[in-house]
There are 2 protein chains.
Amino acid sequence: MSLPHAILTALLEKPSSGLELTRRFDRSIGYFWSATHQQIYRELGKLEQGGLIRALPSERPARGQKKEFEVLPAGRAELAQWASREQESKPIRDALLLRLRAAAVVGREGLDDELRRHLAVHRRQLTQYEAIESRDFAAAADPEDRLRRLVLRAGIGLETFWVAWLEEALAEVGDIGDTETGGRPGA
Amino acid sequence: MSLPHAILTALLEKPSSGLELTRRFDRSIGYFWSATHQQIYRELGKLEQGGLIRALPSERPARGQKKEFEVLPAGRAELAQWASREQESKPIRDALLLRLRAAAVVGREGLDDELRRHLAVHRRQLTQYEAIESRDFAAAADPEDRLRRLVLRAGIGLETFWVAWLEEALAEVGDIGDTETGGRPGA
DNA sequence: AGGCATTCTGCAACAAGGTGCAAAATACTG
DNA sequence: CAGTATTTTGCACCTTGTTGCAGAATGCCT
């Protein structure tokens, strides 16, 4: 539903080829809206066909040949229209939480290893976000950058939350294991 | 990928019919793994066919007739096995953040209304979670409940984060509008 | 009993996301 | 220049999630 708009936004920030977009979806925009290169190419095709973007003219258009896209006025209008519509915020969908709930009925085998693994991942991500913030947004400047910084700060806040929660969870799970009757290992 | 395991977990907590499951997916489990009734019926069919669950015998099995399911040993084994496997935590996918990013290039028309709307939603959800916590988990009891409480606390933490971030965002967007050159309204 | 709403189950079609694979151009290497 | 790797684009297919609709049992109302 939103992939086309993610692409339009990315292309407005900077006209790009499919592969360049893919790279940018591995950073930046991809931090809150991920997409694979096949999704991106498919969507570029649709957007071009719909007259929302166009390929910049190149000498020899061919299959393995790089193709750059830019947003047409219709595309910008569509994005503006989408952005001013109401959006439903869809509920949480988190496998780790589901897993905890499952652990409550089938045992906590390997649970703390998993929690530790996730903790490491979120700590790393948090560090990376913080590096980006102090590198790119040291001095809050124009309105555009202030909005982008706001988005980044959401990422930082979320990762901060997960780190804190995972630490709490590890302590709790450890404590459950300790206090369990007879010291039976969790299972 | 995880819906069958969500259903197995729910059925282990309490054998249920499709509609009862649907109701429980609107609360409880649904707070972190939502599903519609069609998904649930489809999956129940597959799980039954795969020998992981079975329908409790009823006098007159027929189409509009209630059908209760319980988990078979194979189902419990599958769930235990899934729960002890490593899970990839998939990245954030949030339309509101994407929208902010879009607003940076096409204008902030109606942005603060949207932020306010989301703020109200998250505040309400937070209140509800907190009510559940003090109602159901006032005294932390057996290991199962302690794990379920941990899951609930993740929900509380996430909603708390969103409320804080949305308040920050509203202040920031308001400030951008104020300081913009010549007092031009945000667009 | 007839009619109507509700409960409960389910099909069919569609939309979106993801995986695997491959073809065409280009760059590198001996 | 032949062979191999990389870059860039793309197709076909599969899974997951969503929407719309409908059939069958049940209970209620008059």
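Side chains are part of it too, since the values below use all heavy atoms of this structure and drop only hydrogens, waters and symmetry mates. Per chain, numbering begins at 1; letters A, B, ... match sequence-line order.
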(message) C/dG10, OP1 or OP2 - any side-chain N/O from B/Tyr41 closer than 4.0 Å?
(response)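 For C/dG10, neither OP1 nor OP2 has a side-chain N or O of B/Tyr41 closer than 4.0 Å.
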(message) What I want to check is whether an N or O donor and acceptor connect the side chain of A/Gln38 with the base of C/dG17 at under 3.5 Å.
(response) no
(message) Counting only side-chain heavy atoms from C-beta out, which of C/dT7, D/dC21, D/dT9 sits nearest to B/Leu19?
(response) C/dT7
Taking the basic N atoms (NZ, or NE/NH1/NH2) and the acidic carboxylate oxygens, is any pair closer than 4.0 Å for [X] and [Y]?
{"X": "B/Arg23", "Y": "B/Glu20", "answer": "no"}
{"X": "B/Arg148", "Y": "B/Glu13", "answer": "yes"}
{"X": "B/Glu70", "Y": "B/Arg54", "answer": "yes"}
{"X": "B/Arg123", "Y": "B/Glu167", "answer": "yes"}
{"X": "A/Arg146", "Y": "A/Asp142", "answer": "no"}

(message) Within the 4.0 Å heavy-atom criterion, would you say A/Thr22 contacts the bases, only the backbone, or no part of the nucleic acid?
(response) nothing
Given atom [atom1] of [X] and atom [atom2] of [N], what is their separation to the nearest angstrom?
{"X": "B/Ile7", "N": "D/dG17", "atom1": "CD1", "atom2": "C1'", "answer": "13 Å"}
{"X": "B/Phe69", "N": "C/dC8", "atom1": "CZ", "atom2": "P", "answer": "14 Å"}
{"X": "B/Asp26", "N": "C/dC8", "atom1": "CG", "atom2": "P", "answer": "14 Å"}
{"X": "A/Phe25", "N": "C/dG18", "atom1": "CZ", "atom2": "C1'", "answer": "15 Å"}
{"X": "B/Glu48", "N": "C/dT9", "atom1": "CD", "atom2": "C1'", "answer": "13 Å"}
{"X": "A/Leu44", "N": "D/dT8", "atom1": "CG", "atom2": "P", "answer": "14 Å"}
{"X": "A/Lys67", "N": "D/dT9", "atom1": "NZ", "atom2": "P", "answer": "8 Å"}
{"X": "B/Glu68", "N": "D/dA25", "atom1": "CD", "atom2": "P", "answer": "19 Å"}

(message) Here's a test of your reading of the structure: between B/Arg23 and A/Trp33, which maps to the more 5' nucleotide of DNA chain C?
(response) B/Arg23
(request) Using atom types as modelled and distance alone, determine if a side-chain donor or acceptor of A/Ser34 lies under 3.5 Å from a backbone N or O of A/Gly30. (result) no
(message) When you measure from the side chain of A/Ser84 to the backbone of A/Ala80, do you find a donor-acceptor pair of N or O atoms at a distance under 3.5 Å?
(response)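 Flag set: sc A/Ser84 to bb A/Ala80 pair under 3.5 Å.
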Could I get a table of every N or O pair under 3.5 Å where one atom is in the protein and the other is in nucleotides 14-16 of chain D?
unit_1 : atom_1 : unit_2 : atom_2 : d
D/dT16 : OP1    : B/Met1 : N      : 3.4

